[in-house]
Colleague: 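Here you go, one structure.
Just so it is clear: chains get the letters A, B, ... in the order the sequence lines come, proteins before strands, and each one is counted from 1. The basis for the numbers below is simple: all heavy atoms, side chains too, and nothing from hydrogens, waters or symmetry mates.
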Amino acid sequence: MIGAGIKRGTAELAVLSVLEGGSLHGYEMARRIEQQTKGKLRFTLAALYPMLYRMEQRRWIRGSWETSDSGRRRRCYRLTAAGKKKLSPLRQEWSELFRALRRLKKVAHA
Amino acid sequence: MPDWQELVRQRLSGLALDSAETEEVHAELAAHLEESYESLRTKGLPEQAAMQQTLAQVADWQDLRRRIQTARAKENIMNDRVRQIWLPGFVTLVLTTCVLSLNEIFGPKPWILARDGNLPVAVVYIPWLVVLPLVGAMGAYLSWRAGGTKRAILSSIIFPVLPFLASILVALPVSLLFDHFIAHNIAPMSLFLSLPGWVLAPAVALLAGGLPAQFFLSRRLHSRRIAGS
């Protein structure tokens with residue numbers, strides 16, 4: 001299981017990545033992240049919404065109310081141009097981190 | 001089924017946002033809880049267990065209230081552009097102007113470049129230019145601290161020379177237009193030649209402090225992110 005510190009750091013990347021595929025409401029976002037990471041990343045309500053609101057303030061995502069076919073109103077978020085721009089350097093930073101960790105692992109085994 | 005909206009309203013009471021925004025937050029969180037609960041019920045969990053598991057998503061409602069407030073209200077006070085460009089830019093502009101005034105009052109006479117018998121071509125305040133790298137570095141730091149992008153940081157660094165540039169750009173065509181009629185009062189060539197002294201030299205001085213500061217700060221942030229993750 002991935003520790004809390006790493007999870008915090010990856011949370012924004014996970015949200016931006018999952019929104020790259022289209023607009024989603026909070027619950028669906030959490031469900032997809034959990035599903036796609038095979039349960040390694042799990043967002044509770046308490047972890048998800050403060051982060052979504054912060055990302056919205058930074059204009060990386062934008063929320064708007066939508067009504068589903070069943071008549072249920074949900075706030076759906078979509079990626080903004082600024083969010084799309086943020087995604088690529090974030091991905092790069094994380095892949096650099098993982099590369100560095102892999103190198104460390106190789107050194108340890110050598 | 002529980003009234004999720006009411007439950008959220010009670011547990012998040014005291015949320016210091018305006019009423020419309022508070023309602024919006026309540027509705028959104030209630031919808032999330034409702035979907036969680038329904039999903040658990042669909043999986044076959046009894047009502048009580050589903051309820052418990054749904055509510056377990058929030059261990060501390062007061063903490064959640066505080067974090068939502070911080071995320072939604074605090075950052076509303078100043079938007080990103082104000083914090084990342086206008087505020088650092090204003091600070092560097094004020095500092096630049098103050099240092100120039102102090103230099104004029106207390107400092108040595110400026111170095112004046114003039115052609116014989118003509119208007120001065122360039123007036124250069126050396127102590128002012130010496131201090132400007134520090135001002136540029138401060139602009140870069142303030143913008144970086146507010147999460148500014150490279151472009152925002154660069155704008156904050158060179159912000160103080162923009163009024164000079166704008167004045168010259170406005171005055172130059174005006175002087176060209178009226179020079180023919182009021183020959184000795186406005187000298188377009190002097191205005192044009194004042195660009196190096198009032199725009200280029202200060203810009204270079206500001207960038208001389210600002211760019212290394214930006215480079216150092218972004219490297220520090222990068223290594224901190226790598227180390228802290």
Colleague: At a heavy-atom separation under 4.5 Å, does Ala27(B) approach chain A through its side chain, its backbone, both, or neither?
Modeller: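 When you check distances to chain A, atoms from both the backbone and side chain of Ala27(B) fall under 4.5 Å.
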Colleague: Out of Arg91(A), Lys86(A), Arg32(A), which one pairs with Glu20(A) under the salt bridge (charged side-chain N to carboxylate O under 4.0 Å, His left out) rule?
Modeller: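 Only one option passes, and that is Arg91(A).
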Colleague: At a 4.5 Å cut-off on heavy atoms, which part of Arg74(A) comes close to chain B: side chain, backbone, both, or neither?
Modeller: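 It is the side chain, since no backbone atom gets that close.
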Colleague: Decide if atom CZ of Phe164(B) counts as having more than 12 heavy atoms of other residues, nucleotides or ligands within a radius under 6.0 Å.
Modeller: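 Above 12, so yes.
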Colleague: When you measure from the centre of the six-membered ring of Trp60(A), is the NZ or CZ of Arg58(A) closer than 6.0 Å and no more than 45° off the axis?
Modeller: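 That pair qualifies as a cation-pi contact.
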Colleague: Do you know which of Gln57(B), Glu34(B), Glu35(B), Arg67(B) has the most heavy-atom pairs under 4.5 Å to chain A?
Modeller: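 Most heavy-atom pairs under 4.5 Å with chain A: Glu35(B).
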Colleague: What part of Arg72(A) gets within 4.5 angstrom of chain B, counting heavy atoms only: side chain, backbone, both, or neither?
Modeller: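 The answer is the side chain of Arg72(A).
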Colleague: Can you tell me if Met138(B) has over 12 outside heavy atoms packed within less than 6.0 Å of its CE?
Modeller: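 No - once you tally the heavy atoms of other residues, nucleotides and ligands closer than 6.0 Å, there are 12 at most.
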